[in-house]
Amino acid sequence: MKRTTTVIIGAGQSGLAFSKQLADRSIDHVLIERGEVANSWRKERWDSLRLLTPNWQSRLPAYAYDGNDPDGYMNMAEVIRFLQGYADFTGAPVETDTNVIAVRASDGGYVVTTDRGVWRCTSVVLATGACNVATVPKTARNLPDNIKSITPMDYRGPDQLDDGGVMVVGASATGVQLAREIQASGRQVTLSVGEHVRVPRLYRGRDIKWWMDTTGMMDLRYDEVDDIRRARRLPSLQLVGTPEHITLDLNALRGAGAGIVGRLAGLGNTKVQFSGSLANQCALADLKMNRLLDTIDEWITANGMERDFGAGYRFAATRLDPEPCLALDLADRGIKTVLWATGYRPDYSWLEVPVFDRKGRVRHDGGVVDAPGMYLMGLPFLRRRKSSFIDGVGDDARDLADHLCTRLHSAAA
Amino acid sequence: MSQTTTQTATTEVNNGVNVEALLGAREALDAAPEAAQFKWRTTCEWVNGTHSRSTISSFFGLGAEQSRDRTFSVESDHPEVFAAEDNAATPVEIVLSGLASCLTAGVAAVGQHRGIQLHSVKATVEGDMDIQGILGIDDEVRNGFGTIRVHFEIDADATDDEIKALVAQSQKRSAVFDIITNPTNVVVTAN
């Protein structure tokens, strides 16, 4: 059995940032990685994906993007290079191609069993990310065999799909991006839309991510939010990273020819029903977007910077069909594939420590898990609004490494 | 100064909704989800023709049978154009009233929570129905409503967008809005 102070599970941005913080504090540790550094970026993303954050926002502790296109968006090869570069720069002690089989509590510490040896440690960092498993509604089971069912985890590009129509279920970042590229491939897309968050790519000449960063929104802490449970469940922003900085909202998709329908309400064989709540989902998203733009406008005014940016403006309301489609027959519409962009969840099937709530989520307070010496990284709004972004893991890793360090020293004293 | 104003406004807002109690209940039920399982009931007796009378009293919730001091009565009938006696509102009008009442209650509660003082709220509801469906003239016509339109006239200490957000949030949290916009499993048995 090997011994170390801290085992970090996962060598993506979260694990690497944490490793840097521990190295800076001279805390002995190891990163266990099932594949290579940045594994999910290598293996679990579709081909055309680019980051939704601009290059300048790829910032990790003591490391940042320094290329000549700060406002561009990295493709996956660039993300992998960026994170591998960080691992090389920090000299992170990564054990690659090592699968964690079990994490158990033992003698006031933990035993981490892998397929390449067993580690004993006093603290564990869960840095395996928020998107290990695609969640699919139970009703997907009712699809007939001749209609293909696929999740974004298995989707690489439109060429792998049958010719014919595609129903994309879910209109968060993943759903709108895949709807766009599948529609552009000549396959008629029907997009089923529930709760969603609409934002423009650019506003008053700047990237929306720049505004959210500059106005301090991304730094908002989990203990300053009115309803943190709600904040953590919020769907991802409707964004796409393109060289043209296009805005990808429902109006853009409609303009490209996609059909927009309500939240999937029922599915039996080839018959599908959609909720009549679409108009309200769109009204909620439009109002929320306008409140965000109001906040930006107010920030500009409060800082006396009106002359630095163009005048404020608002975007057209989300267009609706006068008679929305409430039901359709997949076969009649020639729909051959249903793509479930209905969210992701983490996989902690190897975690054999009683830290789960009734919904299977790890109980934690800003990343400090409800088990001594256990920490969580990289989940939406874990400690801050930016926690699940490359730009956010640095601050969280610093805070949690401080906590880990304090605990270590008080145990030693 | 502005902070004092906000403070005063918040404490003075009174839409008659005890938001603290509702938030407390939410907190308690999050910890004990089994207590959140409710059963709502009504008993309907035929009077004559299309006239019927429902009585509403007990319900189940918070892990126990809940009784009220009063029993409510809702009557229903059909108008004379349906060759009926028009003793009371039609069932579909009661459904529309249920939707309006549910959304209106939501507007008051969300308004209270957001510190918005309401002065008046009026919802006007209209539902389109092609009665070829219920009369069995055309199988392709559904029995129920095609489109339902709800229009709110709200006088409140709030901006237009704040009022729109109030109405939108009320729909998002409304039971009847959900019942009408989504399919529901209905099990009917006899004797």
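Order of the sequence lines sets the chain letters (A, B, ...), proteins ahead of strands, with each chain counted from 1.
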| Which value, rounded to the nearest 0.5 Å, describes the distance between A:Q273 atom CD and B:T181 atom OG1? | 11.0 Å

| query | Within a radius of less than 6.0 Å around CD of B:E65, do more than 12 heavy atoms belonging to other residues, nucleotides or ligands occur? | reply | yes

| request: Give a yes or no on whether B:E140 atom CD has more than 12 heavy-atom contacts from other residues, nucleotides or ligands under 6.0 Å away. | output: no

| request: Decide if atom CG of B:D138 counts as having more than 12 heavy atoms of other residues, nucleotides or ligands within a radius under 6.0 Å. | output: yes

| message | What I want to find out is whether A:D227 reaches B:R26 closely enough, with some N-O distance under 4.0 Å, to be called a salt bridge. | response | yes

| Would the number of heavy atoms belonging to other residues, nucleotides or ligands and lying under 6.0 Å from CZ of B:R70 be above 12? | no

| query | With respect to chain B, which residue among A:A265, A:S275, A:P324 yields the maximal number of heavy-atom pairs within a distance under 4.5 Å? | reply | A:S275

| request: Please state whether the side chain, the backbone, both or neither of B:E162 comes within less than 4.5 Å of a heavy atom of chain A. | output: neither

| message | Nearest 0.5 angstrom please: A:L326 CG to B:T147 OG1, how far? | response | 7.5 Å

| query | Would you find more than 12 non-hydrogen atoms of other residues, nucleotides or ligands less than 6.0 Å from A:R141 atom CZ? | reply | no

| Just wondering, do B:K164 and A:D286 contact through their side chains at under 4.5 Å, heavy atoms? | no

| request: Could you check which of A:R229, A:R291, A:E195, A:R263 has the highest count of heavy-atom pairs closer than 4.5 Å to chain B? | output: A:R229

| query | For atom CG of B:D160, is the number of surrounding heavy atoms from other residues, nucleotides or ligands below 6.0 Å larger than 12? | reply | no

| query | What distance separates A:K288 NZ from B:D161 CG, expressed to the nearest 0.5 Å? | reply | 14.0 Å

| query | Would one find more than 12 heavy atoms of other residues, nucleotides or ligands at under 6.0 Å from atom CD of A:E323? | reply | no

| query | For chain B, which residues of residues 276-284 of chain A have at least one non-hydrogen atom nearer than 4.5 Å to it? | reply | A:G276, A:S277, A:N280, A:L284

